[in-house]
Asks: 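Pasting in a structure now, in structure tokens, and then I'll have a few things to ask.
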Amino acid sequence: ARRSPPPPPARSAALPPPPRGLQLVLATTPPPLKRRGDPTFAQGACGSRSSPRRGDVAAEEEAAVVNKCWEPLPPSTAVPVLAGEWRPQELARPQQQHGTSFSWLLQTLGEALRLFHSFACKDALEVLAALPSRLRSSLFVQDLAARCHLELAEYARAAELYAECCEAHQLQGAIGLEYYSTALWHLRDSVRLCSLAQRALEWDRLRPQTWCVVGNCFSLQNEHDQAIRCFRRAIQLRPSFAYAHSLAAHEYMAIEKFDQATQLYERAIAVDSRHYNAWWGLGNVYFRQEEFQSAKFHFQKAIDINGDNAVLRTSLGRVLQALQEPQRALEVFAAAERSHCSAMATFHKGCALSTLGRFREALQAFQQALGPAPLEPLIHFQLGRAHLRCGDRRSGVLHLHLAMDLCGSKDSRDNQMIINAQAELARAATADGPGPGPGRGASTAAGAARREGGAE
């Protein structure tokens with residue numbers, strides 16, 4: 001017969017009593033949960049497996065140690081966690097060195113971010129200047145400060161801060177390479193921009209910022225087709241990159257492909273409705289197509305987002321002037337003139353004054369705008385017309401000749417406009433009698449412009 005298994009023990013069978021130390025612990029406090037960092041983890045409730053039996057005093061001490069490990073820490077010893085180069089132990093201590101606390105640092109950084117996203121860049125820079133010196137030299141703060149300077153059209157200072165970030169962090173982290181390249185583009189610094197493009201390509205070809213840098217490099221060399229390819233590669237790598245859409249649209253505007261530019265501007269707005277560059281770009285498209293009401297609407301939308309930008313206000317003033325509202329345009333130009341980058345606003349203010357027949361005031365405005373931009377042909381052209389309106393033919397002819405020399409190609413629209421103005425001057429001189437007409441100087445200036453080979 002097959003041997004049957006032994007019966008299981010009865011439920012009423014008495015289990016051996018627990019050790020005396022464990023009885024004391026169970027009678028006083030419930031057994032605490034153990035955590036992996038605790039010295040008693042993976043041990044019995046009464047201590048080490050090698051010595052399961054201890055005295056009453058040892059068990060009480062062990063229970064007190066275990067329970068103390070799970071007591072909440074007082075607020076003064078709580079250590080905050082901060083990623084990056086900062087050591088939490090330093091921030092947890094009272095900030096006797098800077099007289100600030102950790103919560104104050106967070107509040108200051110948050111306030112600077114809020115001001116920047118509200119485009120109050122001057123106030124944001126003042127808030128960042130109140131931070132400790134070690135925090136001001138971090139990558140995040142330097143990047144934010146450079147963006148503020150870029151929005152204020154202080155391109156030299158922005159490029160300087162971005163260069164320091166690149167040298168200190170070797171193009172790593174969240175540095176705004178696309179904005180760095182834009183600052184160099186405005187400074188017309190082709191050497192540094194080409195060097196930055198080569199370094200960015202060696203760093204990472206799969207980053208959309210890299211292709212924005214390369215595209216700006218081609219754009220500065222007037223190779224617009226190559227720049228468009230680079231910006232479209234950036235869009236392919238990150239379809240939600242609104243700034244790459246705007247840069248590609250700017251290049252289409254440069255070659256007067258307005259349909260493609262409009263599509264890219266609209267996509268940028270769909271990605272980021274507060275991207276004022278795209279709103280301004282759409283307004284510029286409609287302004288070039290002489291749809292002034294649509295241009296006014298889009299320029300106003302851009303100003304609602306970034307009201308301190310002088311370029312946006314100047315563009316709105318030009319539309320108002322085209323809509324035969326010179327007085328209101330003059331008010332907009334005066335408001336833009338008080339902000340940064342006021343040379344263009346001052347120039348268009350002089351144009352509005354000329355429209356109103358206030359030629360003396362227009363002459364002063366053009367002379368003021370000529371200081372920051374002495375090589376701008378349109379300023380010399382308007383300055384020459386203002387001198388002619390005021391009766392100073394000699395100065396008028398001089399500035400018209402300078403405008404002819406600076407405008408570049410003979411087939412350009414500016415060149416034809418200056419030639420028409422000189423022809424009008426010659427007819428006026430013939431009607432009024434002998435005077436210092438354009439004569440041989442105009443042909444000499446035109447010949448110099450042709451010899452330059454159409455350089456812009």
Side-chain angles (χ1 to χ4, degrees), residues 146-147 149-151 153-156 158-159 162-163 166 171 175-205 207-239 241-268 271 275-285 287-288 309 311-312 315 341 344 373 375-376 407-409 412-414 453-456:
R147 284 289 306 277
H149 286 291
L150 184 67
E151 292 293 340
E154 298 174 357
Y155 303 117
Y162 278 127
C166 289
L171 300 182
I175 182 174
L177 290 179
E178 65 275 23
Y179 302 109
Y180 182 20
S181 63
T182 299
L184 295 177
W185 187 93
H186 282 287
L187 293 173
R188 295 293 189 266
D189 195 342
S190 59
V191 176
R192 293 171 62 187
L193 185 53
C194 291
S195 175
L196 179 64
Q198 292 177 357
R199 292 177 59 189
L201 286 172
E202 294 174 357
W203 171 50
D204 191 354
R205 288 175 173 264
R207 294 241 180 176
Q209 294 88 351
T210 299
W211 294 104
C212 288
V213 174
V214 179
N216 278 330
C217 182
F218 281 118
S219 176
L220 187 58
Q221 299 171 7
N222 293 324
E223 298 182 13
H224 303 293
D225 293 333
Q226 293 292 338
I228 290 172
R229 292 191 184 96
C230 293
F231 294 138
R232 285 197 170 275
R233 175 58 176 164
I235 296 171
Q236 182 182 13
L237 291 173
R238 186 186 297 175
F241 198 4
Y243 192 60
H245 286 82
S246 295
L247 291 176
H250 293 337
E251 296 304 314
Y252 278 119
M253 285 292 297
I255 57 179
E256 297 185 352
K257 292 185 178 181
F258 301 127
D259 294 337
Q260 292 86 339
T262 302
Q263 292 177 3
L264 286 171
Y265 283 135
E266 290 176 349
R267 291 178 188 174
V271 171
H275 189 58
Y276 72 90
N277 306 75
W279 287 107
W280 175 86
L282 279 176
N284 194 28
V285 170
F287 181 78
R288 295 278 295 274
N309 195 298
V311 177
L312 303 182
S315 300
C341 191
M344 184 171 61
L375 301 179
E376 180 60 43
C407 70
S409 174
S412 64
R413 185 176 60 179
D414 296 340
E456 295 185 359

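What you see is a predicted model, and the numbers here were worked out from it, not measured in a lab.
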Asks: Which heavy atom in Tyr180 sits nearest to a heavy atom in Ala163, and how many Å separate them?
Replies: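 Nearest heavy atoms, Tyr180 then Ala163: OH-CB, 3.5 Å.
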Asks: In Å, rounded to the nearest 0.5 Å, how long is the span from CG of Asp225 to SG of Cys230?
Replies: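 Answer rounded to 0.5 Å: 11.0 Å.
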Asks: Between the side chains of Tyr162 and His149, does any donor sit under 3.5 Å from an acceptor?
Replies: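 Side-chain D/A pair, Tyr162 to His149: absent.
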Asks: If every non-hydrogen atom of Ala158 is compared with every non-hydrogen atom of Ala183, which pair is closest and at what distance?
Replies: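 So the minimum-distance heavy-atom pair works out to CB-CB, 4.5 Å.
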Asks: If I take atom CD from residue Gln198 and atom SG from residue Cys217, how far apart are they, to the nearest 0.5 angstrom?
Replies: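 Going from CD on Gln198 over to SG on Cys217, the span is 8.0 Å.
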Asks: Who passes ring-ring contact (aromatic ring centres under 6.0 Å, His included) against Phe231, sequence neighbours left out?
Replies: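 Checked Phe231 against ring-ring contact (aromatic ring centres under 6.0 Å, His included); zero matches.
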Asks: How many angstroms lie between atom CZ of Phe218 and atom CG of Leu193, to the nearest 0.5 angstrom?
Replies: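 Here the rounded value is 10.5 Å.
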Asks: Can you list the steps and then say if Asn216 with Glu251 is a side chain to side chain contact (heavy atoms under 4.5 Å, CB included)?
Replies: CA-CA 10 Å; Asn216 278 330; Glu251 296 304 314; 5.5 Å; no
Asks: Scan His250, Glu266, Arg267 and name whichever one has a side chain to side chain contact (heavy atoms under 4.5 Å, CB included) with His245.
Replies: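 Exactly one option meets the side chain to side chain contact (heavy atoms under 4.5 Å, CB included) with His245, and it is Arg267.
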Asks: Do the charged groups of Arg288 and Glu256 touch, with an N to O distance under 4.0 Å?
Replies: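 Yes, this pair counts.
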Asks: Give a yes or no answer on whether the side chain of Arg188 reaches the backbone of Trp185 with a donor-acceptor pair at less than 3.5 Å.
Replies: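 Checking the backbone N and O of Trp185 against the side chain of Arg188, a donor-acceptor pair under 3.5 Å is found.
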Asks: State, yes or no, whether a side-chain contact exists between Trp279 and Tyr265 at a heavy-atom distance under 4.5 Å.
Replies: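 Not touching, per the 4.5 Å side-chain cut-off.
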Asks: Cationic tip of Arg199 within the cone over Trp203's six-membered ring, i.e. under 6.0 Å and within 45° of the normal?
Replies: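 Not flagged: Arg199 not positioned over aromatic ring of Trp203.
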Asks: If I compare all heavy atoms of His275 with all of Ala242, which pair ends up nearest, and what's the gap?
Replies: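 Heavy atoms only, the tightest pair is NE2-O, 3.7 Å.
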Asks: Side chain to side chain contact (heavy atoms under 4.5 Å, CB included), that's the test. Do Cys212 and Phe241 meet it? Break it down for me.
Replies: CA-CA 10 Å; Cys212 288; Phe241 198 4; 3.7 Å; yes
Asks: Which heavy atom in Val311 sits nearest to a heavy atom in Asn309, and how many Å separate them?
Replies: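 Result for this residue pair: N-OD1, 2.9 Å.
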Asks: If you take all heavy atoms of Leu177 and Cys166, which pair is closest and at what distance?
Replies: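 The answer is CD2-SG, 4.1 Å.
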Asks: CG of Leu282 to CE of Met253: how many Å apart, nearest 0.5 Å?
Replies: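 That separation rounds to 9.5 Å.
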Asks: Indicate whether any N or O donor in one side chain lies under 3.5 Å from an N or O acceptor in the other, for Tyr155 and Thr182.
Replies: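 Side-chain D/A pair, Tyr155 to Thr182: absent.
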Asks: Do Val214 and Ser181 pass the side chain to side chain contact (heavy atoms under 4.5 Å, CB included) test, and can you show the C-alpha distance, the side-chain angles, and the key distance before you say yes or no?
Replies: CA-CA 9 Å; Val214 179; Ser181 63; over 6 Å; no
Asks: When you check the side-chain N and O atoms of His224 and Ser219, is any donor under 3.5 Å from an acceptor?
Replies: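 Distance-only check fails for His224 and Ser219.
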Asks: Rounded to the nearest 0.5 Å, what separates atom CD1 in Ile228 from atom CD in Gln260?
Replies: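 Output value for this atom pair is 8.0 Å.
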Asks: For Ser315 and Trp280: C-alpha separation, side-chain torsions, deciding distance, then whether side chain to side chain contact (heavy atoms under 4.5 Å, CB included) applies.
Replies: CA-CA 8 Å; Ser315 300; Trp280 175 86; 2.9 Å; yes
Asks: Look only at the side chain of Trp211 and the backbone of Arg229, and say whether a donor-acceptor pair between them is shorter than 3.5 Å.
Replies: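 No.
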Asks: Do Cys194 and Gln221 come within less than 4.5 Å of each other through their side chains, counting heavy atoms only?
Replies: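 Cys194 vs Gln221: side chains touch.
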Asks: Please tell me if the side chains of Leu184 and Ser190 come closer than 4.5 Å, counting only heavy atoms from C-beta onward.
Replies: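 When only atoms from C-beta onward are counted, Ser190 and Leu184 do not touch, as no gap falls below 4.5 Å.
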Asks: Consider only side-chain N and O atoms of Asn277 and Ser246, and report whether a donor and an acceptor are under 3.5 Å apart.
Replies: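 Per modelled atom types, Asn277 and Ser246 side chains form no pair under 3.5 Å.
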Asks: Could you report the tightest heavy-atom contact between Ile235 and Ala244, atom names first, then the distance?
Replies: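 Smallest heavy-atom distance, with atoms named: CG1-CB, 3.8 Å.
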Asks: Main chain of Asp204, side chain of Thr210: is a donor-acceptor contact present, judged purely on distance under 3.5 Å?
Replies: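 Yes, Thr210 side chain to Asp204 backbone: donor-acceptor pair under 3.5 Å.
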